[in-house]
Undergrad: 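Take this structure, written in structure tokens, and hold onto it; I'll ask about it next.
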Amino acid sequence: MPREPAPLDDAKRFPTAEALADALARRVAEIITYAAGARGRASLIVSGGRTPITLYQRLAGSELPWDRVGISLADERRVPEDDPRSNARLVREHLLQGSAAAARFVPIHRDGADERADEAACAAALGTLPRPFDAVILGMGDDGHTASLFPGAPELPAALDLQREACCQAITAPAEPPERLTLTLATLLDSRWIALHVTGQEKWQTLARALEAGDPMRYPVAALFRQRRVPVHVYWSP
Ligand SMILES: O=C(O)[C@H](O)[C@@H](O)[C@H](O)[C@H](O)COP(=O)(O)O
């Protein structure tokens with residue numbers, strides 16, 4: 001008896017994290033190259049964390065029209081850019097290298113700004129990129145957070161509210177450093193294509209639990225799959 005299609009039915013599984021990074025880099029390269037050709041410019045939103053490092057290194061070595069690509073972040077730690085925890089630093093070290101150094105990187109955090117000023121600076125930064133974003137690459141934590149949409153964060157309801165105009169949200173993370181800045185769900189969904197990039201059985205099981213529970217307040221990643229605005233593609237390896 002056929003059953004109702006589920007989001008994970010179409011997840012792309014790869015045997016290793018390296019094979020996953022290769023395939024995802026090729027797909028993002030195709031999307032960005034098409035966008036730059038069809039619309040003159042392309043926009044790519046990326047995430048922090050350890051998972052995407054190999055992906056960024058593959059993209060950095062890809063021959064794309066990088067001079068027509070604007071890159072920014074799905075979230076940021078509100079620390080100076082030379083801080084080892086900075087996502088901007090991670091992107092500069094692993095993605096904005098080689099051919100990709102020609103891309104225009106737009107940081108979303110302004111060091112020393114208070115929360116409201118930082119949210120405004122983030123919105124202004126994203127306003128310089130082609131919208132909808134051509135590709136958004138998100139990761140996921142073991143607690144089901146994505147970007148810096150953390151379960152239990154007091155600011156999470158506001159960040160998930162699709163009726164709000166806000167583009168970015170200062171948010172309190174239960175991890176160091178707690179001071180974060182995240183694109184709101186509505187902004188993340190202002191995209192043509194989203195990839196959720198996860199590795200390891202534990203994250204896969206968390207994702208399955210999140211989709212089973214269907215409660216974005218408990219598992220914010222579930223919010224990506226409770227909308228019809230943009231396709232979300234799961235790329236994973238055990
Ligand atoms: O700023 C961040 O840390 C990321 O944007 C965050 O959302 C990340 O994608 C997950 O925490 C997964 O991180 P790992 O890839 O290190 O597991």
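In this chain, residues are counted from 1 in sequence order. In each ligand, atom 1 is the first atom listed, and ligand 1 is the first ligand listed.
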Undergrad: So S148 and D75, side chain to side chain donor-acceptor pair (under 3.5 Å) or not? Walk me through it.
TA: CA-CA 6 Å; S148 281; D75 67 329; 2.5 Å; yes
Undergrad: Report yes or no: does T184 contribute a side-chain atom to a donor-acceptor pair with the main-chain N or O of C167 at less than 3.5 Å?
TA: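 Indeed, once roles are kept as given, a pair shorter than 3.5 Å links the two residues.
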Undergrad: Examine the proximity of ligand 1 to N87 and report which part, side chain or backbone, both or neither, has a heavy atom under 4.0 Å away.
TA: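 The answer is the side chain of N87.
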Undergrad: What is the closest protein heavy atom to atom 13 (O) of ligand 1, and at what distance does it sit?
TA: G49 CA, 3.8 Å
Undergrad: Under a plain distance cut-off of 3.5 Å, with no hydrogens placed, do S191 and R131 share a side-chain donor-acceptor pair?
TA: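 Per modelled atom types, R131 and S191 side chains form no pair under 3.5 Å.
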Undergrad: A quick test of your reading: do over 12 heavy atoms of other residues, nucleotides or ligands sit less than 6.0 Å from CD of E165?
TA: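 No, not enclosed.
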Undergrad: Going by heavy atoms, is A74 under 4.0 Å from ligand 1?
TA: no
Undergrad: Look only at the side chain of Q97 and the backbone of R92, and say whether a donor-acceptor pair between them is shorter than 3.5 Å.
TA: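 A pair under 3.5 Å: yes.
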Undergrad: Among protein heavy atoms, which sits nearest to atom 5 (O) of ligand 1, and what does the distance come to when rounded to 0.1 Å?
TA: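 Minimum-distance protein heavy atom for atom 5 (O) of ligand 1 reads D75 OD1, 2.6 Å.
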Undergrad: Regarding S99 and E63, is there a side-chain donor-to-acceptor distance under 3.5 Å anywhere?
TA: yes
Undergrad: Would you give the length of the straight line joining atom CG of L149 to atom CG of L183, rounded to the nearest 0.5 angstrom?
TA: 9.0 Å
Undergrad: Charged N to carboxylate O under 4.0 angstrom, D83 versus R85?
TA: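 The answer is yes: the pair qualifies as a salt bridge.
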Undergrad: Just to confirm my output: which protein heavy-atom neighbour is closest to atom 7 (O) of ligand 1, and how far is it?
TA: A147 O, 2.6 Å
Undergrad: At less than 4.0 angstrom from any non-hydrogen atom of S47, what atoms of ligand 1 do you find?
TA: 5 (O)
Undergrad: What protein heavy atom lies closest to atom 15 (O) of ligand 1? Include the residue and the distance to one decimal.
TA: T51 OG1, 2.6 Å
Undergrad: Under 3.5 Å, side chain of D118 to main-chain N/O of L181, donor-acceptor pair present?
TA: no
Undergrad: Would you say K203 contacts ligand 1, with heavy atoms under 4.0 Å as the rule?
TA: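 Within the 4.0 Å threshold, so yes.
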Undergrad: In the protein, what heavy atom is nearest to atom 16 (O) of ligand 1, and what distance, to one decimal place, separates them?
TA: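 Protein heavy atom at minimum distance: R50 N, 2.7 Å.
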Undergrad: Of the listed options (E76, M140, R180, H197), which comes nearest to atom 12 (C) of ligand 1 when hydrogens are ignored and any heavy atom counts?
TA: M140
Undergrad: I need the nearest protein heavy-atom contact for atom 10 (C) of ligand 1: residue, atom name and distance, please.
TA: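 For atom 10 (C) of ligand 1, the nearest protein heavy atom is H145 NE2, 3.4 Å.
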Undergrad: Which atoms of ligand 1 have any heavy atom of G139 under 4.0 Å away?
TA: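 In order of numbering, the contacting atoms are 9 (O).
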Undergrad: Work out whether the distance between some heavy atom of R77 and some atom of ligand 1 is less than 4.0 Å.
TA: yes
Undergrad: Among protein heavy atoms, which lies nearest atom 8 (C) of ligand 1, and at what distance?
TA: G48 O, 3.9 Å
